[in-house]
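Read through the structure below, which is laid out as structure tokens, and then see the notes.
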Amino acid sequence: MTTETTRGKRILLAAPRGYCAGVDRAVDAVEQALAHYGAPIYVRKEIVHNKYVVEALSRRGAIFVEETDEVPEGARVVFSAHGVSPAVHEQAAARGLDTIDATCPLVTKVHKQAVRFARDDYDIILVGHTGHEEVEGTQGEAPEHIQVVNGPHEVDQVQVRDPERVVWISQTTLSVDETMETVRLLRERFPALSDPPGEDICYATQNRQAAVKVIAPQVDLMIVVGSGNSSNSVRLKEVALDAGAGASHRVDFASEIDPAWLEGVRTVGVTSGASVPEILVREVIERLAEHGFEDVEEVRTATERITFSLPKNLRADLRGAAGEQGHDRRQPVADHTC
């Protein structure tokens, strides 16, 4: 019920938000594998960087491990959406593991760029965060050619063999603005710096940041739903502050919202990272409603229709099983590519 103290309190809900096509594909791959092959299904690293998703899949029989040597020989393992290096594929083959590669196709695109530029003997500058799984996987494609630059502050440390043969590529989940500033500084040092063929920062990362930039100047507080190890979620919090939000906080769950954050606040922005299921956003909205924020306005800046098909070997097994049943009942698989 609206009262004098709650009148005017509102939520601006960003759209797009939440799951991107690569995350949806990876989570669906684990779910379909569990349904088709049965538990356990091993997953190297977190399938996506979200606590809720990992815990939910664990309850269904997924076993998350750090490295392939933790997977019993001959077992089935899913590689996460962030991608793995060729060395990991080799280790899995040596252990006789049945692999399902759920690497996001947009990450795979960056891997292929790295291989191509290394073959042409370029020095490759990978703009990204050292230690992030995606960066480790990409760097593993050509470790002798790739050096990681974490941001503008590291540009001065870059050393190359030939300033005329230098190219940059990037992690797919970075801040667009910070990445472009890093590239600008790199180009000051290396005027012949080549660009990758097409965008490396993925469409979903860019769209979510763009939506936040529209909302941020209008809000006293931005709440970003997403896990602390989710690069794109952390970037959304930073983007909100840079774009003018009065304050910005990241939460995994609605229960983490501190009522003190809401004191004196009239407008709250809400968004979520690309690995966040919508149920967590809905719980945040419900929690805010308890504090008088009952007016919800969705602010849409783009519409996403991209989907990715499941990994090829999993898709084939699912279709084979449907064929054996003697009819055309198909698994609910998104069989489209962008």
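Every value quoted in this text rests on a predicted model; they were computed, and no experiment measured them. Along the sequence shown, residues carry numbers from 1.
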Given side-chain contact (heavy atoms from CB on, under 4.5 Å), test V48 with Y19 step by step and report yes or no. CA-CA 10 Å; V48 296; Y19 271 13; 5.6 Å; no
Sequence-distant partners of D317, side chain to side chain contact (heavy atoms under 4.5 Å, CB included), two or more places apart: H36, Y37
Hey, mind stepping through D195 and R187 against salt bridge (charged side-chain N to carboxylate O under 4.0 Å, His left out) and telling me if it holds? CA-CA 10 Å; D195 296 320; R187 186 159 278 118; 2.7 Å; yes
Other ILVMFWY residues reachable from V176 by side-chain steps of under 4.5 Å: I125, V127, V149, V155, V158, V160, V166, W168, L174, M180, V183, L185, L186, F190, L193, I201
Residues in side chain to side chain contact (heavy atoms under 4.5 Å, CB included) contact with D162, at least two apart in sequence or another chain: E164, R165
Worked verdict on R44 versus D69 for salt bridge (charged side-chain N to carboxylate O under 4.0 Å, His left out): CA-CA 10 Å; R44 184 184 180 276; D69 60 12; over 6 Å; no
With sequence neighbours excluded, residues passing salt bridge (Lys or Arg N to Asp or Glu O under 4.0 Å) with R282: E278
Separation between OG1 (T130) and CD (E154), nearest 0.5 Å, reads 6.0 Å
K45: what forms a salt bridge (Lys or Arg N to Asp or Glu O under 4.0 Å) with it, not counting sequence neighbours? E66, E67
Side-chain heavy-atom pair I124, I169 within 4.5 angstrom cut-off: yes
From CD (Q147) to CG (L126), nearest 0.5 Å: 10.0 Å
Under-4.0 Å salt bridge between K237 and D242: no
Straight-line distance of S272 OG to N50 CG, nearest 0.5 Å: 9.5 Å
Does the pair E46 and N229 meet the rule for a side-chain hydrogen bond (donor to acceptor under 3.5 Å, both in side chains), with working shown? CA-CA 10 Å; E46 294 186 352; N229 62 342; 3.1 Å; yes
Taking ILVMFWY side chains as joined if any heavy atoms are under 4.5 angstrom apart, and letting links pass through other members, which residues group with V115? none
Hey, what do you get for CD (E141) to CD (Q139), rounding to the nearest 0.5 Å? 11.0 Å
Tell me which pairs pass side chain to side chain donor-acceptor pair (under 3.5 Å) where either residue lies in residues 246-264, with sequence neighbours left out. S227-D252
Any donor-acceptor pair under 3.5 Å linking the side chain of D101 with the backbone of P311? no
If you measure from OG1 on T267 to CZ on R10, what distance do you get to the nearest 0.5 Å? 4.0 Å
Taken in chain and number order and not counting sequence neighbours, the residues that satisfy salt bridge (Lys or Arg N to Asp or Glu O under 4.0 Å) with R76 are D98
Within-4.5 Å side-chain heavy-atom neighbours: F293 and V265: yes
ILVMFWY cluster membership beyond M222 - transitive side-chain contacts under 4.5 angstrom: L12, V212, V214, I215, V219, V224, L236, V239, V299
Please check: side-chain N/O of S233 versus main-chain N/O of G226, any donor-acceptor pairing under 3.5 Å? no
Please assess D200 against Q113 for the test side-chain hydrogen bond (donor to acceptor under 3.5 Å, both in side chains), listing each intermediate value before the final yes or no. CA-CA 10 Å; D200 277 357; Q113 290 174 0; 3.1 Å; yes
Side chain T138, main chain E134, donor-acceptor under 3.5 Å: yes
Going by distance alone, is a donor N or O of one side chain under 3.5 Å from an acceptor N or O of the other, for S309 and R25? no
Could you check whether any side-chain N or O of Q171 sits under 3.5 Å from a backbone N or O of H129, counting only pairs where one atom can act as donor and the other as acceptor? yes
Are Y122 and V148 co-members of a hydrophobic cluster defined by side-chain heavy atoms under 4.5 Å apart? yes
Sub-3.5 Å donor-acceptor pair from the side chain of R161 to the main-chain atoms of D121, do we have one? yes
Quick check: does any side chain N or O of R95 sit under 3.5 Å from a backbone N or O of L97, one acting as donor and the other as acceptor? no
Within one Ile-Leu-Val-Met-Phe-Trp-Tyr cluster: V110 and V167, side-chain cutoff 4.5 Å: yes
When you measure from the side chain of N232 to the backbone of G273, do you find a donor-acceptor pair of N or O atoms at a distance under 3.5 Å? no
Hey, are the side chains of E294 and K9 touching, using non-hydrogen atoms and a 4.5 Å cut-off? no
List the residues meeting ring-ring contact (aromatic ring centres under 6.0 Å, His included) with Y52, not counting sequence neighbours, and say none if there are none. none
Heavy-atom check, side chain of F64 versus side chain of I47, under 4.5 Å: yes
Begin from the C-alpha positions of E70 and Y42 and carry the test side-chain contact (heavy atoms from CB on, under 4.5 Å) through to its verdict. CA-CA 9 Å; E70 300 173 55; Y42 290 85; over 6 Å; no
Is there a path of hydrophobic side-chain contacts, each under 4.5 Å between heavy atoms of I, L, V, M, F, W or Y residues, that connects V84 with V54? no
Set out, in order, the CA-CA distance, both residues' side-chain angles and the distance that settles side-chain contact (heavy atoms from CB on, under 4.5 Å) for I100 and V77, then state yes or no. CA-CA 6 Å; I100 299 172; V77 62; over 6 Å; no
Close side-chain approach of T68 and T99, heavy atoms under 4.5 Å: no
Mind checking salt bridge (Lys or Arg N to Asp or Glu O under 4.0 Å) for R184 and listing every partner two or more places apart, or none if nothing turns up? E181, E188
Salt-bridged, K109 to E199, with N to O below 4.0 Å? no
When rounded to the nearest 0.5 angstrom, what distance separates SG in C20 from CZ in R208? 6.5 Å
Among all residues two or more places apart in sequence or in another chain, which pass the side chain to side chain contact (heavy atoms under 4.5 Å, CB included) test with E136? none
Would you check, one step at a time, whether the test side-chain contact (heavy atoms from CB on, under 4.5 Å) holds for Y203 with L106? CA-CA 9 Å; Y203 76 94; L106 300 181; 3.7 Å; yes
Closest non-hydrogen atoms of T307 and A21, given as atom of the first, atom of the second and distance, are CA-CB, 4.0 Å
Are N207 and T301 packed together at the side-chain level, in the sense that at least one heavy-atom pair is separated by less than 4.5 angstrom? no
How far apart are the C-alpha atoms of R60 and E31, what are their side-chain angles, what is the distance that settles it, and do they pass the salt bridge (charged side-chain N to carboxylate O under 4.0 Å, His left out) test? CA-CA 8 Å; R60 294 182 58 179; E31 292 175 340; 3.7 Å; yes
Would you say that R287 contacts H291 through its side chain, given a criterion of any heavy-atom pair below 4.5 Å between the two side chains? yes
Within the supplied structure, the quantity of interest is the number of heavy atoms (other residues, nucleotides, ligands) at a distance under 6.0 Å from K51 NZ; does it exceed 12? no
Member of V268, V284, V296 meeting the side chain to side chain contact (heavy atoms under 4.5 Å, CB included) criterion with L13: V296
Is it true that a side-chain atom of T205 and a backbone atom of T172 form a donor plus acceptor pair closer than 3.5 Å? yes
